[in-house]
Amino acid sequence: MKDDIICLEKEREALLKFKDGLIDEYGQLSSWGNQKDKEDCCKWRGIICDNLTNHIIQLDLNGASGRLRGNISAQLLEIQHLKHLNLSFNDFNYSKIPQFIGSLGRLQYLDLSDSYFSGEIPHHLGNLSELQFLGLGTCSNALTSTNLDWLSRIHSLRYLNLGHVNLTMATNWLQTISKLIQLKVLDLSECDLPTVLPPLPSTFNASNSLYQLDLFGNNLSSSCIFHWFVNFSSSLSYINLDFNKLQGPIPDDIGNLLSLSHLSLIDNQLEGEIPISLGNLSSLSYLDLSFNQLIGIVPHLALSSSLRHLSLYRNMFNGIVTQSIGSLSKLEYLNLGSNHFEDIITESHFLNLSQLQLLDLSHNQGISFDFSLGWNPPFQSSRVFLAGCKVGPHFPTWLRTQTTLYSLDISNAGILDTFPSWLWELSPNLGHNLGHLNLSHNNFHGVLQDFSSKFSTNFYSIDLSFNHFSGSLPILPPDASFLHFSNNKFSGPITNLCNETIYDLEYLDLSNNLLSGQLPNCFANLQLDILNLAHNNFSGNIPSVSIRMSLHLQNNSFSGEIPTSLSDFATLAFIDLSRNKLTGKISTWVGDSFINLVFLSLRSNEFFGSIPSNLCYLTHLQVLDLSLNNISGAIPKCLNNLIAMVQEVDYGMYHIPNLSGGSESARGGSESANVMWKRKEREYINTLPLVKLVDLSSNNLVGNIPAEITSLVMLVGLNLSRNNLSGILPANIGRLRSLDFLDLSRNHFSGGIPIGVSQLDQLGVLDLSYNNLSGKIPQNIHLQTFDASAFEGNPDLCGLPLNKTCPGDEIPQDPKIIGNANGMKDPNEEEDKLISDGFYITMAIGFVFGFWGVCGTLVFNNS
DNA sequence: CCTGGTTGGG
């Protein structure tokens, strides 16, 4: 009926032109149109018209169910009575916020957040004097405001979100904000706020009504900001200052904020004790002080009886855990992990904690437990972390009462016990089941029973590594993604691995066990990030397995050739096939395929043929070990293309993400590699050296050393010994200034020792023995520290430290005074320069889980 | 608006 149409013709025309500027892929505006049945624009989606005047007062085109794209037409200005405009969560392709929005003078609500706007926020928005709500935040916008003066004209503002707007230049932000005396909610998180704050305006008063303050991630220091917000004593309820640089103690007057319910100060540089006044805050329900340097004991916290969330994780708290926390009957989340608490935890600590869902006491070496045998806790927790506490010698039986347990980490807790098989069946009929289990680094022993029928399908990770489990590998849970079974005594074939659907497996570590036999067929179906079968006795061919990042098969009895299927995985960073019985030529696809390869060891196998020059495409390669094979031919001249050995490491290059998903109990696993270093095999577990090595020793290589090799100036070790190399040594070998280890022994090199050898200041081991070198050894102080054995077996070589005088020289000293007999410096003195100098950089094959820090064993030292 | 994290939505 015509009478029902209340839409004003002029506004309807404007809306249709506005729609014309938009690309509506998801049909958000399908109710908008010219058709007869769509005549009343007041019924269009997102439109609200005023009951009396019929003017459009609200336009809400939030794109949450499908982003609109395109341009915002200036036709919007025809809708002059608009009070509420929401264009959030659309995609305006990083265009600027139109200045004309500042002319919609009746606007009370403006939300342009998360909509791909960029550039300077137009100061025209300051004309919107009626505005109460302004949302311009979120990271999909790339907005800047060099000066916030425009904001101070919007006196009516109650809610302001400028999160992620770049305010680097807005040095007056605090003064501006202080003028907004109606403000209730302020979000300036991740605004890159200037950290040097000018003094507060003298007119500043505390009579305003700020309720929620979010300054997350701004590098703010304590000096001004605490003083500022402590003035909102009666109103402030929520404070988030996570990821700033607050120093010194938490000020006492924080206890004046009597309405405070949420205080989060994660990852600052706070020191000293928690102020006693915090206990005054009877409304406090959320307190997170994680990642600071706070000390002391915390008895008064127990006064905050409203607490639901309490985290003191990663601080330096010491002393006892007050038993009065047992009175915090609303506590759901209790994290005291990674501190220096020393206490015996008893049942009374949990007296009234009937709501507790998460308990983390891990990494407090001084914490032990004294529960009665039949203790039935008042809570049903889903996540329990007791790693690094004194839990043992027996597995804690009280956990049997926890029928909703999902994550359990009791690693490194001194447990000497058999596997508690009831863990698999805590409450299978309720749909709950353990998803993450970490029992590593204990003394568990015995054979694992077949528990396959007990699993539900939501298992995610199991870490049983570093125990003494024996017998066959058990039938594994289906759907598990991370299995860490390394460093046990599992033995025999691993056919059980294929008895279940294991297609979700991403990480399999069976290294350092007693496993044997051929790899079962199901390996051909796996798609793994990391496979580590090192240090077992597996035999047979390597199946065509899919590995995305890391393959460790070293020290087994694998035979046959490297499967060509591996060439599909350009992301592979580590390949260690050393100490097997592999054979064949080193195929050209090794160099062509693995463009991300950092580590390649084929050491001690039966490879033959020449070194393909394609290997020089491996520009990220740091370790190339082809030693102890039957490789012939010349050393490729192109080695100078291995630029990772030429340049300093770009650490970012190795940030290989997310191997084990999101649980605190599922942290990473082991990443190991075997490296020959100074004639000793070393295994690096969880670490790989920054050391850059080329080891081609013990092959049948011929020809000379290509001069290009002296371009590898970051090379720390070069071993070409025990080949049939000949010719003179490169004249500019002195360029290899990082060399700590140089072994060219047992070849047929001739000519003099280049003076450059004496320039290798870092050299700890030198061996030039058993060649045809001639002439006088450079009489340099450093070279003279090496033993004569480093030069022996060269009939025409003379001069110190050899006991052979060069023609026309004086009789040399007794060489025994200078060095010992094996060509190395005194081992006690030398130790390992790389380690003592902090030269080994732990390499990340792990990931930081949320902001809860780096995962323990997979530290990558970014500093 | 709510939420919560080196931002993301309904």
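The structure displayed is predicted, hence computed values, not measured ones. Each chain gets a letter, A, B and so on, in the order the sequences are listed, and its residues count up from 1. We use all heavy atoms of the structure for the numbers below, so side chains are in, but hydrogens, waters and symmetry mates are not.
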Closest to the side chain of A/His164, out of B/dG5, B/dG10, B/dT7, is B/dT7

Whole-Å distance separating the OH atom of A/Tyr286 from the P atom of B/dT3: 12 Å

For nucleotides B/dC2 and B/dT7, find the distance between their P atoms and express it as a whole number of Å. 23 Å

Measuring centre to centre across the rings, with the benzene-like ring taken for any Trp, is A/Phe291 within less than 6.0 Å of A/Tyr313? yes

On the six-membered ring of A/Phe89, is A/Arg67 placed so that its NZ or CZ lies under 6.0 angstrom from the centre and within 45° of the ring axis? yes

Partner residues of A/Cys41 under the disulfide bond (SG atoms under 2.5 Å apart) criterion, sequence neighbours left out: A/Cys7

What distance, rounded to whole Å, do you find between the two P atoms, one in B/dC1 and one in B/dT6? 26 Å

Which residues pass the ring-ring contact (aromatic ring centres under 6.0 Å, His included) test with A/Phe133, not counting sequence neighbours? A/Tyr109, A/Tyr159

Please pick, from B/dG10, B/dG5, B/dG4, the nucleotide with the shortest atom-to-atom distance to any side-chain atom of A/Glu190. B/dG5

Where each pair must be Watson-Crick or G-U wobble with both distances under 3.5 Å, what dot-bracket representation of DNA chain B is obtained, with crossing pairs in [ ] and other-strand partners as |? ((.....)).

Apply side chain to side chain contact (heavy atoms under 4.5 Å, CB included) to the pair A/Ile79 and A/Ile57, showing each step before the final yes or no. CA-CA 8 Å; A/Ile79 309 170; A/Ile57 56 171; over 6 Å; no

Determine the contact category for A/Gln212: base if any of its heavy atoms lies under 4.0 Å from a base atom, sugar-phosphate if only primed atoms, P, OP1 or OP2 are that close, otherwise nothing. base

Checking all strands, does A/Ser88 fall into the base, sugar-phosphate, or nothing category for heavy-atom contacts under 4.0 angstrom? base

Just compare B/dG10, B/dT3, B/dG5 and give me whichever is closest to any side-chain atom of A/Ala64. B/dG10

Report the relative orientation of the aromatic rings in A/His81 and A/His55; use parallel for angles under 30°, tilted for 30 to 60°, perpendicular for over 60°. parallel

